[in-house]
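Note: hydrogens, waters and symmetry copies are ignored here, and every other heavy atom, side chains too, is used. Naming: A, B, ... by sequence-line order, numbering from 1 per chain. If you're wondering where the values come from, they're calculated on a predicted model, not measured in any experiment.
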There are 2 protein chains.
Amino acid sequence: MDLNVPDTRQQILERRLADGVHIVAAEIAVEFDVSIDTARRDLISLERSGKAHRVRGGAIPVMPPAAPMQEKIAHGKRPPAAMIAAAVDSLADCKTVILDGGSTVWALAKALKPRAGLLIVTPSPWVAIACMENGIEVVLLGGRLSGHGGVSVGLDCEEQLGQLAAETAVLGACAMDADFGLSSDNMDESRVKKMMANAAVKTVALADRTKLGSRARHRTLLPTALDGLITDGTPSECAAFQAKGIMVKNV
Amino acid sequence: MDLNVPDTRQQILERRLADGVHIVAAEIAVEFDVSIDTARRDLISLERSGKAHRVRGGAIPVMPPAAPMQEKIAHGKRPPAAMIAAAVDSLADCKTVILDGGSTVWALAKALKPRAGLLIVTPSPWVAIACMENGIEVVLLGGRLSGHGGVSVGLDCEEQLGQLAAETAVLGACAMDADFGLSSDNMDESRVKKMMANAAVKTVALADRTKLGSRARHRTLLPTALDGLITDGTPSECAAFQAKGIMVKNV
DNA sequence: CATTTTTTTGCAAGAAAGTGCAGGAATTAA
DNA sequence: TTAATTCCTGCACTTTCTTGCAAAAAAATG
C-alpha cells in the first residue's frame with residue numbers, strides 16, 4: 001500500500017496541476033481519505049511552493065510557463081493518442097530502445113512510463129528531455145544539430161550508433177511509401193536514421209496518415225528493412241505495407 | 001535468506017525504489033526482523049546516497065527526477081539580466097564557445113544572438129535547443145544524461161571534448177569559493193566540467209551570488225585554473241577572487 | 001587466540017509533524 | 001439580507017522522528 005502522507009499526496013496533486021486539472025478540496029479529501037482540513041493544508045502547501053493557485057473550493061494550476069520548445073513542436077499537429085498508445089504498448093518488453101527525433105516520436109517519448117532497465121537512446125535533445133522528465137534513463141547521441149529536424153547528425157553521431165545494440169528502433173518518417181520505403185527530407189538525418197535501423201534488431205516506423213503514400217527526397221530505408229509500422233491510415237493503405245511483409249499496427 | 005546486514009537490506013530497498021514502490025518503515029522492520037529504528041536508519045542511509053526521498057512513515061522513490069533543471073527553468077528563477085548581458089558581451093569575439101549546462105548558463109544561451117562563424121558546443125540538451133531556436137549553430141555532446149543536472153556525462157562525452165579546441169568555456173557552478181575553487185554536486189558532471197575547461201583556451205565561470213563562498217562535494221577546478229568569473233556578488237567577495245588572479249566581472 | 005576498535009542495533013525521552021475538530025470570520029448565492 | 005459554504009485559527013491528540021546512550025556483534029589488530 002502506498003504511503004498517504006503530505007509529500008505523496010502533494011506529489012500526485014502537483015502532477016495533476018501540471019496537466020491542467022482543477023482540484024476540488026472536498027474531492028481529494030474523499031479520494032485520499034483525509035479530512036477536508038488536511039486536504040486544504042495540502043493545497044496551502046502547494047500554493048506556498050508556487051505550484052498551485054488556490055481558489056475557493058480548491059485550486060487551479062498556476063499559469064503554465066509553457067516550455068518554448070514544446071510549444072513549437074506541439075503547435076502544429078498533435079499525433080493521435082491511440083497511435084501513440086499503440087507505440088507505447090509495442091515497446092512493453094524492450095530494454096534498450098532507440099528513438100528517432102520528430103514531433104511524432106517526441107509525443108511517444110512523452111507518453112513513456114519509467115520502468116526498471118529501460119534505456120532510451122536518441123539523437124534528439126527534445127526526446128531526451130521528455131524521457132528525462134518521465135524519469136527514464138537516457139543516452140543522448142552527440143553531433144552537430146541539424147537545422148531541419150533538430151537532431152544530432154554527423155560522423156560522431158553515426159559512429160556512436162555503430163557501437164551500440166538495441167532491441168528496437170522507432171523511426172519517425174518524413175514520408176512513407178509501400179514501394180519506395182521510408183524517406184527523409186534531409187540527407188544527414190537520413191543517414192542517421194539508417195544507422196539507427198542498423199543498430200537495432202527490430203525497426204519500427206511511426207507515421208501518421210499524412211505521411212503515408214508520399215515520398216521525400218532521400219530514400220532512407222527500403223520496405224524490406226522495416227519490421228513494423230504503426231499508423232492511423234486507411235485499411236487499403238495498410239494492406240500495401242502488409243503485402244511487403246511489414247507488420248502493421250493500425251488504429 | 002541472505003545476511004541481514006545494512007548493505008543487503010538497502011540493496012533490496014533500492015531495487016524496490018527503482019520500481020517505484022513506496023516503502024513503509026514499520027513494514028520493512030517486520031519483514032527484515034529489525035527494530036523500526038534500524039529500518040529508519042536504512043532509509044536515512046538511502047536518502048544520503050540520493051536513492052530515496054524520506055517522508056513521514058517511510059520513503060518514496062526520488063523518482064520525481066523533476067530535473068532540477070526543468071524545475072528551475074519552469075519556476076522562473078531567472079538569473080539577473082545584467083549578469084547575463086555581461087556574459088554575452090564577454091563572448092563578443094569568440095568563434096567557438098563551450099557552454100556548460102545549468103539554469104544560469106541556459107539563460108545565457110537564450111540571450112545569445114546569431115553571428116557568422118559562431119559555434120556553440122554543449123553537453124546540455126536545453127542549451128542546445130535554446131541556441132538552435134536563436135539560429136546559432138550547435139554541436140551537441142553525447143552521453144548518458146546525468147539525472148542531476150540533465151547534461152551528457154560519461155566516457156563518450158569526455159572523449160568528444162578531448163578532441164576539440166575552443167576559445168572559451170563558460171561553466172556554471174554548483175558552488176564557488178575563492179580558496180576551494182569551482183565545485184559540483186555530482187562527480188560525473190564535475191569530470192565533464194574539467195574536460196570542458198581543458199578543451200578551451202579561456203575558462204570563465206558564471207555564478208550568481210548565491211553560489212559564492214560555498215563548497216560542493218566535488219572539487220572541479222582550482223581557482224588558478226579559472227581565467228574569469230562573471231557574477232553579481234558583493235565587492236568584498238569579488239576581491240577574494242581577484243586576489244587569486246581571476247578576472248572578475250561584477251554587475 | 002585474546003583484545004581492541006568499529007559497526008550495528010535497540011531503547012527511551014523529548015521534539016516535531018500530521019491530523020481532526022470546534023468556533024468564528026469571510027465569501028458567495030439566493 | 002439571510003443562509004449556506006468555505007476558510008482560517010488555535011488546540012488537543014496521535015504518530016513518527018531525532019538524539020544520545022549502552023549493549024551486542026563483527027571486524028581488525030597484535
Q. Side chains of B/L206 and B/L171: closer than 4.5 Å at any heavy-atom pair?
A. no
Q) Is there a donor and acceptor pair, one atom on the side chain of A/R56 and one on the base of C/dT28, closer than 3.5 Å? A) no
Q: Remember a base hit wins even if backbone is also touched, and classify A/V24 as base, sugar-phosphate or nothing at under 4.0 Å, heavy atoms.
A: nothing
Q. B/E189 and B/S146: side-chain donor and acceptor closer than 3.5 Å?
A. yes
Q. Over how many whole Å does the gap from A/I36 atom CD1 to D/dT6 atom C1' extend?
A. 8 Å
Q) Considering heavy-atom distances to DNA chain D, does A/A25 or B/R54 have its closest nucleotide positioned more toward the 5' end? A) A/A25
Q: Starting from C1' on C/dA12, measure out to CG on B/D37 and report it in whole angstrom.
A: 10 Å
(Q) Distance criterion of 3.5 Å, no angle test: do you see the side chain of A/R9 paired donor-to-acceptor with the base of C/dG18? (A) no
Q. Between B/D33 (CG) and C/dT8 (P), how many Å, whole number?
A. 18 Å
**Q.** Phosphate contact (C/dC11 OP1 or OP2) by B/R41 side-chain N/O below 4.0 Å
**A.** no
Q: Write down the distance between CG (B/D42) and P (C/dT9), rounded to a whole number of angstrom.
A: 7 Å
Q.
Please report the distance, rounded to the nearest Å, between CG in B/L43 and C1' in C/dT9.
A. 15 Å
Q | B/T8 versus B/Q11, side-chain donor and acceptor atoms under 3.5 Å | A | no
Q. Of the nucleotides C/dT19, D/dC8, C/dC11, which one has an atom closest to the side chain of A/I44?
A. D/dC8
Q: Locate the shortest heavy-atom distance separating A/K249 from A/S90; write the atom from each residue and the value.
A: NZ-CB, 3.6 Å
Q) A/T38 side chain N/O closer than 4.0 Å to the phosphate oxygens (OP1, OP2) of C/dG18? A) no
